S.K.: 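What follows is a structure written as structure tokens; I'll ask about it next.
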Amino acid sequence: MIEKGICDMAVHFSELGLVNTREMFRKAMEGKYAVPAYNFNNMEQLQAIIMACVECNSPVILQISKGARKYANQTLLRYMVPGAVQMARELGSNIPIALNLDHGDSFELCKACVDNGFSNVMIDGSHLPYEENVALTKKVVEYAHAHDVTVEGELGVLAGIEEHVSSEESHYTKPEEVEDFVSRTGVDSLAISIGTSHGAYKFKLKPGEPLPELRFDILEEIERRLPGFPIVLHGASSVLQEYVEIINKYGGKLENAVGVPEDQIKRAAQSAVCKINIDSDGRLVFTAMVRKYLAENPAEFDPRKYLGAAREELKKMYIRKCELLGSAGKA
Ligand code: 13P
């Protein structure tokens with residue numbers, strides 16, 4: 001039993017007004033755009049995502065990580081999602097909304113999410129020896145597919161800052177493995193490693209050194225080997241410098257925070273990449289606006305004021321991302 005009480009509230013995603021990613025990705029592949037996958041941990045982030053995606057008419061994948069489940073309480077998060085679906089409808093739009101477990105690390109966790117209304121789960125066995133990754137991913141796929149839940153697997157480890165700079169080729173996805181992995185596991189999408197990493201410090205640069213290019217050659221080789229198959233890009237925040245500057249201006253200390261330039265994200269979105277994960281950019285906007293608001297309004301103590309300011313700016317940032325990814329107008 002992974003979490004107490006979890007069996008008492010089994011529900012299928014279709015009862016929550018959610019969709020799995022199959023049709024979303026088919027359309028994204030055909031239309032040469034990517035669906036945004038935005039992480040959330042609290043109400044204001046969720047509201048901002050929904051408001052943004054309704055306003056620009058974009059499909060969206062809501063993502064909950066293991067850490068988010070722990071932070072916000074898995075039961076509470078699970079009940080917030082149907083509320084978000086209803087909110088989208090009340091705002092006048094029936095945009096497709098999927099709910100994904102981000103970086104599931106065990107069969108038990110993935111199963112718990114399938115049983116509790118998630119419409120897509122990621123099983124991240126990328127750190128395991130290849131055969132173990134295949135076996136674990138296959139087990140999750142068998143359970144999830146029996147409930148019409150789609151599954152994302154991962155091959156290749158997203159490099160950390162040190163690893164990336166020392167160009168450890170072994171961390172990139174090996175194209176020669178992808179056909180075997182996809183056919184033996186039955187996954188619906190595949191996360192790959194082409195040079196991105198999680199967080200706000202993606203590249204360690206010497207002064208004056210330009211940002212490195214993502215390994216589009218690896219992506220192209222994977223596309224060639226898996227024609228029409230949905231690819232997922234993690235670690236895709238651009239670490240928008242205007243927000244880093246606001247954070248630093250109002251007492252923060254983020255040094256050398258850099259992300260993937262937006263033109264490279266746009267290029268990826270037009271390829272077989274159908275899902276693009278963005279978390280850090282949301283965190284940066286949130287932090288920037290809270291810092292700014294509190295610094296400029298030192299007498300204010302109503303959380304709705306500073307969280308509201310963060311929510312407003314977050315919404316703008318999510319619309320900007322949907323436009324960049326090409327998903328705006330595609331709901
Ligand atoms: P960022 O840290 O670049 O936002 O990546 C998030 C992510 O990939 C979540 O799985």
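As the structure lists them, so they are numbered: ligands from 1, and atoms in each ligand from 1. Heavy-atom basis, side chains included; hydrogens, waters and symmetry copies ignored. What you see is a predicted model; the values in this text were computed from it and never measured.
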S.K.: Could you identify the single nearest non-hydrogen protein atom to atom 7 (C) of ligand 1 and state the distance to 0.1 Å?
M.R.: H198 CD2, 3.3 Å

S.K.: Where is the nearest protein heavy atom to atom 2 (O) of ligand 1: which residue, which atom, and how far?
M.R.: S280 OG, 2.6 Å

S.K.: Which atoms of ligand 1 have any heavy atom of H234 under 4.0 Å away?
M.R.: 8 (O), 10 (O)

S.K.: What protein heavy atom sits nearest atom 9 (C) of ligand 1, and how far away is it?
M.R.: D102 OD2, 3.1 Å

S.K.: Please identify which atoms of ligand 1 are closer than 4.0 Å to at least one heavy atom of K202.
M.R.: 1 (P), 2 (O), 3 (O)

S.K.: Show the atoms of ligand 1 that are less than 4.0 angstrom away from any heavy atom in I278.
M.R.: 4 (O)

S.K.: Give a yes or no on whether a salt bridge exists between E23 and R26, defined as a side-chain N under 4.0 angstrom from a carboxylate O.
M.R.: yes

S.K.: Which atoms of ligand 1 are found less than 4.0 Å from any heavy atom of H103?
M.R.: 10 (O)

S.K.: May I ask you to decide whether K316 forms a salt bridge with E313, counting only side-chain N to carboxylate O separations under 4.0 Å?
M.R.: yes

S.K.: Considering distance alone, does some N or O of D281 sit under 3.5 Å from an N or O of ligand 1?
M.R.: no

S.K.: Nearest to atom 5 (O) of ligand 1 by heavy atom, A200, A191, G235: which?
M.R.: G235

S.K.: Which residue owns the protein heavy atom closest to atom 6 (C) of ligand 1, what's the atom, and how far is it?
M.R.: D279 CB, 3.6 Å

